[in-house]
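This report refers to the structure that appears directly beneath it.
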Amino acid sequence: MSRLKHDAGLPHVTIVTGTCPHDCPDTCAWQVAVDRRTGRAVDIWGHPEHPITRGRLCGKVDRYLERVYHPDRLTVPLKRVGPKGSGQFVPVTWEHAVAEIAARLADIIGTHGPEAVLPYSYAGTMGLLQGEGMAQRFFNRMGASRLARTICSAAGFQGYKYTLGAAVGMEMESFARARLILLWGTNTLTSNLHLWPFIQEARRQGARVIAIDPVRTRTARAADEWVPVRPGTDGALALAMMHVIVEEGLYDAEYVERFTVGFEQLRERVRAWPPERAEAITGVSAGRIRRLAREYATVQPAAIRINYGLQRHAGGGMAVRTIACLPALVGAWRHEGGGLQLSTSGAFAFDFRPLYRPDLLGGRLPRTLNMIRLGDALSLDPARLARAHYCPRPVDSPPPPDEAGPPVKALIVYNSNPAAVAPDQRAVIEGLSRDDLFTVVLEHFQTDTADYADYVLPATTQLEHWDLVKPYGHYYLGLNRPAIAPLGEALPNSEIFRRLAAALGFDDPCFQEDDVTILRTFVEAQTHPVFRTVTWEKLLEQGFVRLDLPTPYLPFAEGRFPTPSDKCEFYSESMARDGYDPLPTWTPPAGAAGSGGTLWCISSPAHSFLNTTFVNVERLRRREGEPTIHIHPEDARARGIVHGQRVRVWNEQGDVILRAVVTEEIAPGVVWAPSIWWNKLSPEGRNINQVTSQKEADMGGGARFYDVRVWVEPASASPVAEGERAAAL
Ligand SMILES: Nc1nc2c(c(=O)[nH]1)N[C@H]1C(S)=C(S)[C@@H](COP(=O)(O)OP(=O)(O)OC[C@H]3O[C@@H](n4cnc5c(=O)[nH]c(N)nc54)[C@H](O)[C@@H]3O)O[C@H]1N2
Ligand SMILES: Nc1nc2c(c(=O)[nH]1)N[C@H]1C(S)=C(S)[C@@H](COP(=O)(O)OP(=O)(O)OC[C@H]3O[C@@H](n4cnc5c(=O)[nH]c(N)nc54)[C@H](O)[C@@H]3O)O[C@H]1N2
Ligand code: SF4
Ligand SMILES: [Mo]
C-alpha cells in the first residue's frame, strides 16, 4: 500500500494524474504525489477510479520513482570519446550537440541523400507525442528511410486482420462473464496483469481457465489446466479443434450462416485435421484435443485471450488467423464474456495526419526498412541491405542489390534499445560498430545501444512530460500530465526533434508548436464517432476517457466485421491475392526442421522487467537474480547439466552464457530464458538475442523470436571450436 495514498490531503502535497507509458496492454492510470516544497515526486500508485487499473500498479511501475531518480539517469548531452561500444563519453552543451548533429546529418544527406538516414524506434514509450509525434514530422520533412515497426506484433496483427478485419476484440471487463477462458500463448500474470482480477471474478462464478503454453508459466500454474503444446503448432491444434466441432455438429449454424464466409471450404479443410494428426504435431493427445474442442464449443460464453507470444514463429500470422476463426464457428461473439482478444488498438480510429504530417514528404516515397533486419540494414553489402527492405507478403520481393539505395550512414535511435532487443545480435553489434556510421541515441540511461552512439541525448520520463497514451488491451484513452520538472538538462523527445529541426532549417510552423498545443489540436481534429466522448477538457479533468462504444461492448455480436465481406472470413480473398493459402492452415515453424540434439528456445518476458526497461533498477534485477535458462530434467540429464550450473546456449547465430534452472515446469525439448537482460549486465556481455534470427515470420514482416533451435551444454566443458560447430550444423 502506498505511503501517501491516504495522506493526499497534506497541504504540501499535490496529486498529479498520469498514464503509464510502457509497452503493456494494461495502460494503467496512475497518481503521483509531489512535494511542492521540493518539487520531488514522493509516491506513485494506481488510479483508484480507473476501471482497469483499479488502484493497483504492477510490481515494476510501483518502483517507477526508483527509475526516474536513479543515480545513473542521463542528465546532460554526451559525446563519445572512446571507441564505439566502450561507453566513454564527455558532457557537452545542448547547443554544441544539436549544432554538430545537424551538421553531420546535413553532410550525410548532401552526399548520400536523405534515405541514408534511418530512424530506429519502438515502444519505450507508448505515448503518441513522445513516441512518433514530433519524430515523424522530422523524418517526413527530411525524407529519411522509413522503418517498418515489426518487432513485436506484426505477424499476428496481420493474421487477425485477415480473419476479423481489425485489431478489435473483447473488452477486458467482459472476461468476468466468461464460463470458459483459454489463455493461449500468453503469460497473463506477467504481461497483462490487470486482466487477472476479471478472470478471478469469472472463476468465482464457476468459470474454468486453461493455459495453452509450452512453458508452465506462473499463469499456467494458476490456471485450472495446463496444455503443454509444442512451440509453433497452435495452428494445428486449432484446426483439429475445428475438425471436432464441425464433425460433431457443435458449431453455431445460424451465426456461421449469417456472419461468416467460406464455411463449406473450411469444412472441407478441417476434414483433413483429425485430432490424431494434430497429436503428432502438437504433442497434445487426441483425447485431450477432443475434450478441449467439445468444452470450447458447448460451454458459453467462451473467451480466448491470445497474445503476441504465440505469433513469434515462422507461421505465427497463420496461427493467429486460424485461431481467430474459432469464436465465429461456435458463435461465441454473441455473448458478453465470449469472443477473442488479441489487441484493442484497432478501435482507436485516429486520423494521425495532423500529428505525423505525412504531407511533409511532399510526394517523396522513401524506402522502408524492416526493423528486425537491423543487422542487414546496417551492412555495407548491398545484397544484405536489399534483404532489409520491408517485404511483408509472399507477393513482395526485395529489390535487386543495385537498387537497394544508399548505405545507412546515420542512425537515430529513440524509445528503443536495439543492441539488446533486436534479433541476430552479432550482426546488429557489427553494424553499430561501423566507424563510418553516425549514431545518435535519445535515452534515459546509458544502455547497450547508447554505448555505440556518437551522441547520447538525455530524454525525459513520463513524470516529466505531456502525452496521450493509446492502449492495446482496453478502450480507455489516457492523458499524461507532467508531475515534476525535467531532471537535469533532460528534454522530451518532442523538444529534441524540435531543436534538431530548427538547426536543419526546417522552418515549417509545425516545428514550433508546443506539446500541449499539438496534443489538444490532435484530439480536437478527430472526427470518427468513437471519439464523440473524447474531448480535451474531459481528458484534462479525468485523465482517461472511454471510447464512445456501447456498454457492454460486444464487437461482433451482430457480425459487422470490418473485412471486405463484412463477415468473419474463413475464406479470405485478400489472403489469396497476397500470396497465402486463403483458408486456415498450419504453417510449420522453421525450427521444426531442427537438427538432432537441439532444444527449442523461448525467451519471453521476465516477470520483473519490461523488455530491457527496468533491468538496471537494482531492486527489480535482484528479484530476477541473473540470466537463466529453464530446462526439463530429461534434457538436462542427457547433457550432463545439473541445477544451478552455468551453461552455454548456442547456434549458428551466436552464443550466450546462462544459469541452468532444472525444472519439470516446461515441456521436454523446450528451454525458456526469461528476458530481456541488458548485454552488459549479462555474463560475457551478451544476451539471448545472440541466438535469434533476422528472418521474418509469414506475415507483416514480423519477428520469429521464439522459433529458435539451440544447443545447450555445460559452460565448463571446453568450448566447442567454431569449425566443429559449423560441422554440427
Ligand atoms: N512484465 C512484463 N510485461 C510485459 C512485457 C515484459 O517484458 N514484461 N512485455 C510487453 C510486451 S512488449 C508484449 S508484446 C506483451 C507480450 O505479452 P504475451 O504475448 O503475453 O507475452 P509473452 O510472455 O511474450 O508470451 C506469452 C507466452 O507465449 C508462450 N509461447 C511461446 N511460443 C508459443 C507457441 O508457439 N505457442 C503457445 N501456445 N505459446 C507460446 C511463452 O511461453 C509465453 O509464456 O507483454 C507486455 N507486457
Ligand atoms: N529475445 C527476445 N527479444 C525480444 C523480445 C522477446 O520476447 N525475446 N520481445 C520483443 C518485443 S515484443 C518488443 S516490443 C521489443 C521491445 O524493444 P524496445 O521497444 O526497444 O523496448 P525496451 O527494451 O524496453 O527499450 C525501450 C527503451 O526506450 C527508452 N525510453 C523509454 N521512454 C523514453 C522516452 O520517452 N524517450 C526516449 N528517448 N527513450 C525512452 C527506455 O529507457 C528503453 O531503453 O523487444 C523484442 N525483443
Ligand atoms: S507496466 Fe503495465 S501493468 Fe505495469 S503499470 Fe504500466 S500499464 Fe500497468
Ligand atoms: Mo512487444
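All ligand and atom numbering here is 1-based and tracks the order in the structure.
Considering backbone and side-chain atoms alike, Asn417 places an N or O below 3.5 Å from some N or O of ligand 2. Residue Asn493 has at least one nitrogen or oxygen atom sitting less than 3.5 Å from a nitrogen or oxygen atom of ligand 2, judged on distance alone. The distance criterion of under 3.5 Å between nitrogen or oxygen atoms is met by Asn689 with respect to ligand 2. When only interatomic distances are considered, the shortest N/O to N/O separation between Ser675 and ligand 2 does not fall below 3.5 Å. The shortest N or O to N or O distance between Leu442 and ligand 2 is under 3.5 Å. The distance criterion of under 3.5 Å between nitrogen or oxygen atoms is not met by Ala459 with respect to ligand 2. On a distance-only criterion, Ser416 and ligand 2 share at least one N/O pair closer than 3.5 Å.
For Phe511 and Phe497, the gap between ring centers reaches or exceeds 6.0 Å. For Trp677 and Phe609, the distance between ring centers is under 6.0 angstrom.
Of the options Ile496, Asn415, Val708, the smallest heavy-atom separation from atom 37 (C) of ligand 2 is shown by Asn415. For atom 14 (S) of ligand 2, the candidate residues are Val413, Asp23, Val615, Val441; the nearest heavy-atom contact is made by Asp23. Closest heavy-atom approach to atom 41 (C) of ligand 2 among the candidates Glu464, Arg67, Gln130: Arg67. The closest non-hydrogen atom to atom 43 (C) of ligand 2, taken over Glu443, Arg312, His22, His444, comes from Glu443.
The atoms of ligand 3 that sit less than 4.0 Å from any heavy atom of His194 are 3 (S), 8 (Fe). Set against the non-hydrogen atoms of Leu610, the atoms of ligand 2 under 4.0 Å away are 24 (O). Which parts of ligand 2 touch Ile688 is read off a 4.0 Å heavy-atom cut-off, strictly below it: atoms 1 (N).
Cation-pi geometry between Arg54 and Phe198 is met: the NZ or CZ atom falls under 6.0 Å from the ring centre, inside 45° of the normal. Remark: Arg67 qualifies as a cation-pi partner of Phe614 under the 6.0 Å distance and 45° angle criteria applied to the six-membered ring.
Neither the backbone nor the side chain of Phe445 comes within contact range of ligand 2; no heavy atom lies under 4.0 Å. At a 4.0 Å heavy-atom cut-off, ligand 2 touches Ala123 through the backbone alone. Residue contacts with ligand 2, taken as heavy atom pairs separated by less than 4.0 Å, do not involve Thr461 at all.
Listed by chain and number, Cys20 SG are the protein N/O/S atoms closer than 2.8 Å to atom 6 (Fe) of ligand 3, with waters left out.
With hydrogens and angles ignored, the 3.5 Å screen pairs no side-chain donor or acceptor of Gln311 with any backbone N or O of Val320. Looking at Thr19, its side chain does come within 3.5 Å of a backbone N or O of Leu479 through a donor-acceptor pair. A distance-only check finds a donor-acceptor pair linking the side chain of Glu624 to the backbone of Ser608 [under 3.5 Å]. The closest donor-acceptor contact from the side chain of Asp707 to the backbone of Ala590 lies under 3.5 Å.
Donor-acceptor pairing under 3.5 Å is lacking for the side chains of Gln462 and Asp467. Between Asn417 and Thr449, the side chains place a donor N or O and an acceptor N or O closer than 3.5 Å (distance only, hydrogens not considered). Looking at Ser682 and Asn687, their side chains never bring a donor and an acceptor atom within 3.5 Å of each other. No side-chain donor from either of Thr17 and Arg481 sits under 3.5 Å from a side-chain acceptor of the other.
Residues satisfying the side chain to side chain contact (heavy atoms under 4.5 Å, CB included) criterion with Asp26, sequence neighbours excluded, are Cys24, Cys28, Met172, Asn192, Leu193, His194. Qualifying side chain to side chain contact (heavy atoms under 4.5 Å, CB included) partners for Arg218, counting only residues two or more places apart in sequence or in other chains: Asn187, Leu189, Thr190, Arg221, His607. Taking Ser494 as the reference, Gln130, Asp515 meet the side-chain hydrogen bond (donor to acceptor under 3.5 Å, both in side chains) condition, with sequence neighbours excluded.
Ring planes of Trp30 and Tyr64: tilted class, angle from 30 to 60°.
Residue Asn687 places no heavy atom under 4.0 Å from ligand 2. Heavy atoms of Arg73 come nearer than 4.0 angstrom to ligand 2 in no pair at all. At least one heavy atom of His465 sits less than 4.0 Å from an atom of ligand 2.
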